[in-house]
Protein chains: 2
Amino acid sequence: MARPPAPLITLGAITDAALDLVDETGDFSLPRLAKRIGVSQSSIYNHVAGREEILELMRRRVLELSPRPPVDGLPWETALRTLVRSYRDGFTRHPRLAPLLVLQTVMDTEVIAMYEELAQTLERAGFSGRDVLSAISTVDAFAIGAALDLAAPEVVWAPPSPGYPALVRALGHAPSGAQRAREAFEFGLDVLVAGLRGRLHAGG
Amino acid sequence: MARPPAPLITLGAITDAALDLVDETGDFSLPRLAKRIGVSQSSIYNHVAGREEILELMRRRVLELSPRPPVDGLPWETALRTLVRSYRDGFTRHPRLAPLLVLQTVMDTEVIAMYEELAQTLERAGFSGRDVLSAISTVDAFAIGAALDLAAPEVVWAPPSPGYPALVRALGHAPSGAQRAREAFEFGLDVLVAGLRGRLHAGG
DNA sequence: ACCTGAACACCGTTCAAGT
DNA sequence: ACCTGAACACCGTTCAAGT
């Protein structure tokens, strides 16, 4: 076969198939991707520059899954919660994608727009000067950590052999899987917001 | 050559060479590693089960670089700061290792011991029940995020094209590189501790 | 016990050839 | 413009062969 009347491959199909593979196996490869779509490996390069661009397609898809809602009218605490929550929410459906994205730090316009909203929110809260950037980094660290936490296997949170009493106690109360991650996220969001509030009143 | 009188390879040499490669290139491979040590690729398998174990060796090395100090006598806020700081400190010398470690979630005894200290510290602070696990996850998310932040390239924090006023303002005040990451980490640590303190007084 | 070289299955990317 | 098959350089892992 050569050039077909209509293209056999679309960016959407590439993204779908790659995301399926990531969901199922935790990774993807060009050969497997091609087989999924039912096409030869090399033809993918007619639509995409390479593996990295496919990762970018998936990043965009996940960001689109939970569109960033407008927050400029909201009180800063609500705005901040909304932004972090919407960032994390896309990954709840594709948790295994998160670890693959930390390797490359690409800045597409959607991500920059999110940082801009974050910066505005933090200024509105009362931060200024260097503290704005530090606060962005702090929120970012928590958001990335929370996304990665979604991909954490159950086993990590299984009680270890005795000799770790406090840890065993903590894990004894643990709900499992998604529930544990969600509770931890809500808790962390409270801590983050309360901590920023505290930093403001203490005078930075 | 066959079996030499003294082994040509040691675990220490493997770890050194792999860490050098990660520092220089952001990754490592078995062929490159073998070339560094001056040995054949396959002989590495006489000392190590595979690539994953080499990653584990590097994780241990980095943990050893900043040994977890005893914290059981300290006030919980100081103890928490000390634990998070010591976790992060190892990565300051090998920042590019952090992204490689998030892919695999292994639990060696050193890491479990750190979680146990964390759990004890949080109990001492006054957390109980499910909150202990949530607080561990929160601290963990921040610590991982902060370690990854060390590997963030300068470019990410370069001011983007105009149209993002708040972000441009924030980046205008930015010190560069390691300095920015350090300030952000100290800021984040304050936020984390203040947030946990707030959560305690609000009554969880 | 420890090293070597050859082999295998897999990977990302390129490119001439086809329509 | 879009697809194919062959090719290339790289990778992780295994294994028979040597001492």
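Values below: all heavy atoms of this structure, side chains included; hydrogens, waters and symmetry mates excluded.
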Exercise for review: Take Phe185(B) and Val84(B) through the test side-chain contact (heavy atoms from CB on, under 4.5 Å) and record every step on the way to the result.
Suggested key: CA-CA 10 Å; Phe185(B) 176 68; Val84(B) 177; 4.0 Å; yes
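Taken together, the paired segments of DNA chain D that extend over three or more consecutive Watson-Crick or G-U pairs, each closer than 3.5 Å at both contacts, are C:4-8 with D:12-16, C:12-16 with D:4-8.
Taking every heavy atom of residues 34-58 of chain B and every atom of DNA chain C, pairs under 4.0 Å involve Val39(B), Ser40(B), Ser42(B), Ser43(B), Asn46(B), His47(B), by number. Within a heavy-atom distance below 4.0 Å of DNA chain D, no residue of residues 12-26 of chain A is found.
To the nearest angstrom, P of dC10(D) lies 18 Å from CZ of Phe28(B). We find that CG of Leu30(B) is positioned 14 Å from P of dT4(C), with the value rounded to whole Å.
In terms of the side-chain hydrogen bond (donor to acceptor under 3.5 Å, both in side chains) criterion, Asp20(B) has no residue partners (sequence neighbours excluded). The salt bridge (Lys or Arg N to Asp or Glu O under 4.0 Å) test applied to Glu77(A) returns Arg197(A), not counting sequence neighbours. In this view, Phe91(A) and Tyr87(A) satisfy the ring pair (Phe, Tyr, Trp, His ring centres under 6.0 Å) rule, not counting sequence neighbours. For Arg85(B), the salt bridge (Lys or Arg N to Asp or Glu O under 4.0 Å) partners at least two apart in sequence or on another chain are Glu186(B).
You'll find that the side chain of Pro7(A) is closest to dC2(D), out of dC2(D), dC3(C), dG12(C).
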Extract all donor-acceptor atom pairs below 3.5 Å that involve side chains of residues 164-175 of chain A and protein atoms in other chains or at least two apart in sequence.
unit_1, atom_1, unit_2, atom_2, d
Arg169(A), NE, Glu123(B), OE2, 2.7
Arg169(A), NH2, Glu123(B), OE1, 2.9
Arg169(A), NH2, Glu123(B), OE2, 3.4

Hey, can you pull the donor-acceptor pairs under 3.5 Å for the side chains in residues 26-39 of chain A, sequence neighbours left out?
unit_1, atom_1, unit_2, atom_2, d
Asp27(A), OD1, Arg51(A), NH2, 3.3
Ser29(A), OG, Arg32(A), N, 3.3
Arg36(A), NH1, Glu24(A), OE2, 3.4
Arg36(A), NH2, Glu24(A), OE1, 2.7

Sequence neighbours left out, cut at 3.5 Å: what donor-acceptor pairs do the side chains of residues 151-158 of chain A make with other protein atoms?
unit_1, atom_1, unit_2, atom_2, d
Glu154(A), OE2, Gly177(A), N, 3.0

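Using a 4.0 Å cut-off, no side-chain N or O of Arg32(B) falls inside it from OP1 or OP2 of dC10(D).
Legend: salt bridge (charged side-chain N to carboxylate O under 4.0 Å, His left out) pairs involving residues 86-104 of chain A, not counting sequence neighbours: none detected. Applying the salt bridge (charged side-chain N to carboxylate O under 4.0 Å, His left out) test to pairs two or more places apart or on separate chains, those with a residue in residues 173-183 of chain B are Arg130(A)-Glu183(B), Asp149(B)-Arg180(B).
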